[in-house]
Amino acid sequence: MLLTIDCGNTNTVFSIWNGSEFIATWRTSTEHQRTADQYFVWLSTLMGHKKIDVNINSVIISSTVPRVVFNLRVLADRYFNCRPLVVGRPDCLLPVMPRVDEGTTVGPDRLVNSAGAYDRFGGNLIVVDFGTATTFDVVADDGAYVGGVIAPGVNLSLEALHRAAAALPHVDISRPQGVVGTNTVSCMQSGIFWGYVGLVKEICARIRAERDAPMKIIGTGGLARLFEQADLLFDEIEDDLTMHGLTVIHEFNKDNT
Ligand SMILES: Nc1ncnc2c1ncn2[C@@H]1O[C@H](COP(=O)(O)OP(=O)(O)O)[C@@H](O)[C@H]1O
Ligand SMILES: CC(C)(COP(=O)(O)O)[C@@H](O)C(=O)NCCC(=O)O
Ligand SMILES: [K+]
């Protein structure tokens, strides 16, 4: 079975793919100090808790945090007896090469999202991923990642307000009833929530105007559903898009190596 690992700047998600479905998914905070042994103790405890007794014999990793990859490699090597595929490394082939400026490194999560979205919906897509950063990935007609947009993430923006202004508290994102806040917390929530709705709409409209084909908009990341409540922002919401993309890239490498 395949272990898919998606390591973002805030959280790392592990899923087990049995060839036709994900049989389990677990999330932990991203910490580069965590060792392979610590990952394994954590994983095997959770597997035991869910009574999952499977033989993991391949691992694929996407990491936006380069420092954690070493220990995840050791995890694969020591406990699952395999050399993991690491998206973005030369030996990990992509179904379609990205078309970006020479020398640019694209976040592996964006390459994986593009591969997953193309597999499900075909070409001409905008993938909006609400993570630590909010990213927009543009997928061309042939499935290539051809660029996009990086905006500060929702929680990052709320945290920045709190840190920079002495009188602004720590606030969690939620959908405000109206726009005009009548206390500090609702004013902040309104600014971030409606500001993000506007950001997503404006950026997608401008990408669409710049492209010569109709673009489908796919939302992913935990906050996509929250924003969708406000307005019709997405054509589809795919919670497992990054994990699906990892299985697509894994399959592609199996067939081509
Ligand atoms: N459903 C949700 N509701 C509220 N906050 C969420 C939800 N899903 C994720 N978040 C928050 O969004 C931020 C980004 O999370 P995540 O998608 O794990 O980012 P990354 O992939 O960059 O690690 C984190 O602060 C996380 O706590
Ligand atoms: C933009 C990102 C920080 C988003 O990461 P995330 O929110 O998933 O943690 C990541 O994709 C990244 O580090 N990208 C490198 C630059 C680029 O993609 O162009
Ligand atoms: K992201």
Side-chain angles (χ1 to χ4, degrees), residues 1-94 105-113 115-116 129-133 135 153 155-156 159 170 220-223 238-257:
M1 287 204 196
L2 172 67
L3 178 65
T4 55
I5 307 176
D6 165 28
C7 178
N9 281 285
T10 307
N11 291 308
T12 302
V13 184
F14 292 73
S15 289
I16 300 177
W17 174 250
N18 71 3
S20 53
E21 60 176 345
F22 289 108
I23 58 171
T25 294
W26 298 290
R27 181 178 283 260
T28 182
S29 54
T30 299
E31 281 164 27
H32 72 265
Q33 297 95 331
R34 195 164 300 155
T35 65
D37 303 333
Q38 287 173 318
Y39 282 119
F40 184 71
V41 168
W42 175 78
L43 259 180
S44 51
T45 305
L46 290 168
M47 285 171 74
H49 180 72
K50 256 199 131 184
K51 304 205 168 24
I52 294 176
D53 181 18
V54 294
N55 178 27
I56 291 169
N57 49 18
S58 22
V59 176
I60 181 163
I61 302 167
S62 161
S63 179
T64 58
V65 184
R67 284 218 280 183
V68 302
V69 174
F70 175 77
N71 284 328
L72 291 172
R73 272 183 190 281
V74 177
L75 171 75
D77 176 57
R78 185 175 298 163
Y79 292 102
F80 305 122
N81 240 319
C82 65
R83 234 174 72 103
L85 268 173
V86 181
V87 178
R89 298 292 159 90
D91 62 343
C92 178
L93 306 175
L94 294 171
T105 316
V106 182
D109 55 324
R110 310 178 73 192
L111 299 172
V112 173
N113 281 346
D129 186 339
F130 296 89
T132 308
T135 48
N155 286 296
L156 196 60
E159 204 48 39
H170 170 84
T220 190
L223 297 173
E238 298 289 302
D239 296 319
D240 65 345
L241 190 65
T242 312
M243 285 308 182
H244 176 65
L246 283 171
T247 67
V248 170
I249 294 175
H250 178 260
E251 201 60 35
F252 184 77
N253 280 268
K254 241 175 38 189
D255 295 343
N256 290 279
T257 47

Measure the shortest side-chain to side-chain distance between Ile23 and Ile52 over non-hydrogen atoms and say whether it is less than 4.5 angstrom.
yes

Exercise: do Arg34 and Thr28 side chains pair donor with acceptor under 3.5 Å
yes

From the options Thr10, Asn11, Thr12, select the one residue that forms a side-chain hydrogen bond (donor to acceptor under 3.5 Å, both in side chains) with Thr30.
Thr12

Which distance, rounded to the nearest 0.5 Å, do you find between the CD of Gln38 and the CG of Leu43?
12.5 Å

What's the spacing between Leu3 CG and Met47 CE if we round to 0.5 Å?
8.0 Å

Begin from the C-alpha positions of Leu2 and Lys254 and carry the test side-chain contact (heavy atoms from CB on, under 4.5 Å) through to its verdict.
CA-CA 12 Å; Leu2 172 67; Lys254 241 175 38 189; over 6 Å; no

Might you work through the salt bridge (Lys or Arg N to Asp or Glu O under 4.0 Å) test for Asp37 and Arg78, ending with a clear yes or no?
CA-CA 9 Å; Asp37 303 333; Arg78 185 175 298 163; 2.7 Å; yes

Taking the side chain as every heavy atom from C-beta outward, state whether Trp26 and Lys50 have any atom pair closer than 4.5 Å.
yes

According to side chain to side chain donor-acceptor pair (under 3.5 Å), does anything in residues 53-77 pair up with another residue at least two apart or in another chain? List the pairs.
Asn9-Thr64, His32-Arg67

With side-chain contact (heavy atoms from CB on, under 4.5 Å) as the test, would you mind laying out the steps for Ile249 and Ile60 before giving the verdict?
CA-CA 9 Å; Ile249 294 175; Ile60 181 163; 3.9 Å; yes

Looking at Leu156 and Thr132, what are the two nearest heavy atoms and their distance?
CD2-O, 3.7 Å

Give me the ring orientation class for Tyr79 and Phe40: parallel if the planes are under 30° apart, tilted from 30 to 60°, perpendicular past 60°.
parallel

Any side-chain heavy-atom pair from Leu85 and Cys92 closer than 4.5 angstrom?
yes

Kindly write out the residues that satisfy salt bridge (Lys or Arg N to Asp or Glu O under 4.0 Å) with Arg89, not counting sequence neighbours, or none if the list is empty.
none

For a 4.5 angstrom cut-off between non-hydrogen side-chain atoms, does Val59 reach Leu72?
no

Within the distance-only criterion (no hydrogens, no angle test), does the side chain of Glu251 pair as donor or acceptor with the backbone N or O of Val248 below 3.5 angstrom?
no

What pair of heavy atoms forms the shortest contact from Gly116 to Leu241, and how long is it?
C-CD1, 3.8 Å

From Ile56 atom CD1 to Met1 atom CE, the distance as rounded to the nearest 0.5 Å
8.5 Å

Nearest-0.5 Å distance, CG of residue Leu75 to OG1 of residue Thr35
9.5 Å

Could you tell me whether the side chains of Thr242 and Asn113 share a donor-acceptor contact shorter than 3.5 Å?
yes

Can you list everything that forms a side chain to side chain donor-acceptor pair (under 3.5 Å) with Ser15? Sequence neighbours excluded, please.
Thr25

Distance from Leu246 atom CG to Phe22 atom CZ, nearest 0.5 Å?
7.5 Å

Can you find a pair of side-chain heavy atoms, one from Val13 and one from Met243, that are under 4.5 Å apart?
yes

Once you round to the nearest 0.5 Å, how far does CG of Asp109 lie from CG of Leu111?
8.0 Å

